[in-house]
Participant: 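Structure provided below as structure tokens; questions to follow.
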Protein chains: 2
Amino acid sequence: MTQTDDARLPLHARTHDDLLRRIRAGEWPHDVPLPSEGELAAEYGISVGTMRRVLGTLTSDGLVERRQGRGTFVRRAAFEHSLARFFRAGDRVPASRILDRQRVAAPADVAHALGSSGEVLHLLRLRLLDDEPYLVEDIWLPLPAFEPVAVAALDDLGDLLYPAYERLTGLVVAAATEDLSVVTASADDAVVLGCADASPLVRVERSARSVTGQVLEHRISRGPASRFHYRMEIS
Amino acid sequence: MTQTDDARLPLHARTHDDLLRRIRAGEWPHDVPLPSEGELAAEYGISVGTMRRVLGTLTSDGLVERRQGRGTFVRRAAFEHSLARFFRAGDRVPASRILDRQRVAAPADVAHALGSSGEVLHLLRLRLLDDEPYLVEDIWLPLPAFEPVAVAALDDLGDLLYPAYERLTGLVVAAATEDLSVVTASADDAVVLGCADASPLVRVERSARSVTGQVLEHRISRGPASRFHYRMEIS
DNA sequence: TAGTGGTCTAGACCACAAA
DNA sequence: TTGTGGTCTAGACCACTAC
């Protein structure tokens, strides 16, 4: 066992911190279970009950998923909670079209977000409902890590990018930070989205990270503010 | 003990549901502790460990707060997470001014939200930073429950309304639902906020409820979209 | 000093999944 | 059949708060 923290902290807290570190270090891929409760407890020299508490905390923090009879697995990120999902879609199924893909020198803000100042891959992506655009996205990916995405057939990327990233590069998005603000449509955005010039758009800026915290993708999505509706519960 | 649920559910789940029902029924005011772990366990005929699990769940759901050596208490709502707090304030301290207070017949949507179709109390409230308005709020309160708020001196309401409600009527806000959307400024709003006509505003609509689920207040807040910035983490 | 919640242990038994 | 997590119990000891 590796003691990562103050020995005055409770056992379950120290164990939690260490296990979290190992998860972030990528010790267990998503398809291989962690050791069982009993094995982990023995390894850390604590009781099974205490280890259960640690695993329970990691579960409610959304880091692992426990399945009875199968084991404990490192979880993928829950992007069903992304702010970009709050553009009203009704019952229609969104489609995706990549309008442009180019190697470019990273603009300053993108270089800052990605933490890599060299060449990056830029995607311009349109999302549609019934062939009607409702979201336009600028996506930046670091090179050479995402070289396979730069050379893949566009059809091969599909409607969902994160599974494509994983398939092509092996890199898995595990967490993200999103920033919501309201802006006015640029001339380009207005043309692509088919809305009036300078009409209000909701803008969601996302930095997506791997388990190790490395930024894998920087994305700026814009859609008509009139379609956006976000609900939250306070308790 | 009252069995509220399917007997096939685990003990901790049934106990949780029943304890939740009693909390919502207002059995324990905010300043009087629940019975101790041991007493509750005995009352429900379960072990202390299982009762601890129930109380742990209620704690992480934000319904109760446990303090070592003192006891377990029903918690107030955590409005520090309100969407309305994401209008940039910098380091300045917000102030509050009530511009208007009137008894009115409830408009249809307000009557629907409050679940009371009779007369309601309407407040028009302005929130300011350095004497500069940044948020305007329409607030509706059901009558006669909030009669004391209708007759109190405006100075007596103070900058924070929820403590005033509790002081004057004994009613405590325990939870809320908030809806965020983007609208354009009405002529009235533009004048009050000092912004251009039809400029984009972020609108937060809130229904605030008591522990029993009764809607105590319906509130619609608007502020300049340019000041709004919301950040969320996905994991 | 008495009473509260917080930590930790040890172990029995059940439900589910895979080989 | 074996191994996994899920439920539930019983009890020891510690840390904090109030009186």
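Just so we're on the same page: letters track the sequence lines, and every chain starts at 1. None of the values given here were measured: they were computed from a predicted structure. Values reported hereafter were calculated over all heavy atoms of this structure, with side chains retained and with hydrogens, waters and symmetry mates removed.
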Participant: Compute whether any side-chain donor of one residue and acceptor of the other, for B:Glu178 and A:Tyr230, lie under 3.5 angstrom apart.
Facilitator: no
Participant: Between B:His30 and B:Val74, which heavy-atom pair has the shortest distance, and what is it?
Facilitator: ND1-O, 3.2 Å
Participant: In terms of side-chain heavy atoms, does A:Arg209 have a donor or acceptor partner in A:Thr177 at a distance below 3.5 Å?
Facilitator: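 A donor-acceptor contact under 3.5 Å links the two side chains.
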Participant: Which atom names give the shortest non-hydrogen contact between B:Phe146 and B:Leu216, and what distance separates them?
Facilitator: CE1-O, 3.4 Å
Participant: Identify the 5'-most and 3'-most nucleotides of DNA chain D with at least one atom closer than 4.0 Å to a non-hydrogen atom of chain A.
Facilitator: D:dG3 to D:dT7
Participant: Within residues 54-73 of chain B, which residues have any heavy atom lying less than 4.0 Å from an atom of DNA chain D?
Facilitator: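 B:Gln68, B:Gly69, B:Arg70 - these, ordered by number, are the residues of the stretch whose heavy atoms sit under 4.0 Å from the strand.
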Participant: Could you tell me the separation between the CZ atom of A:Arg52 and the C1' atom of C:dC14, rounded to a whole number of Å?
Facilitator: 12 Å
Participant: Taking all non-hydrogen atoms of both residues, which atom of A:Gly71 and which atom of A:Pro33 are closest, and how far apart?
Facilitator: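 It is CA-CB, 4.5 Å.
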Participant: How close do B:Pro142 and B:Val215 get, heavy atom to heavy atom, and via which atoms?
Facilitator: CG-O, 4.2 Å
Participant: Can you find a side-chain donor-acceptor pair between A:Thr72 and A:Glu65 that sits under 3.5 Å?
Facilitator: no
Participant: Do A:Arg203 and A:Ser221 come within less than 4.5 Å of each other through their side chains, counting heavy atoms only?
Facilitator: no
Participant: Answer with base, sugar-phosphate or nothing: what part of the nucleic acid does B:Arg53 contact at a heavy-atom distance below 4.0 Å?
Facilitator: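 Sugar-phosphate only.
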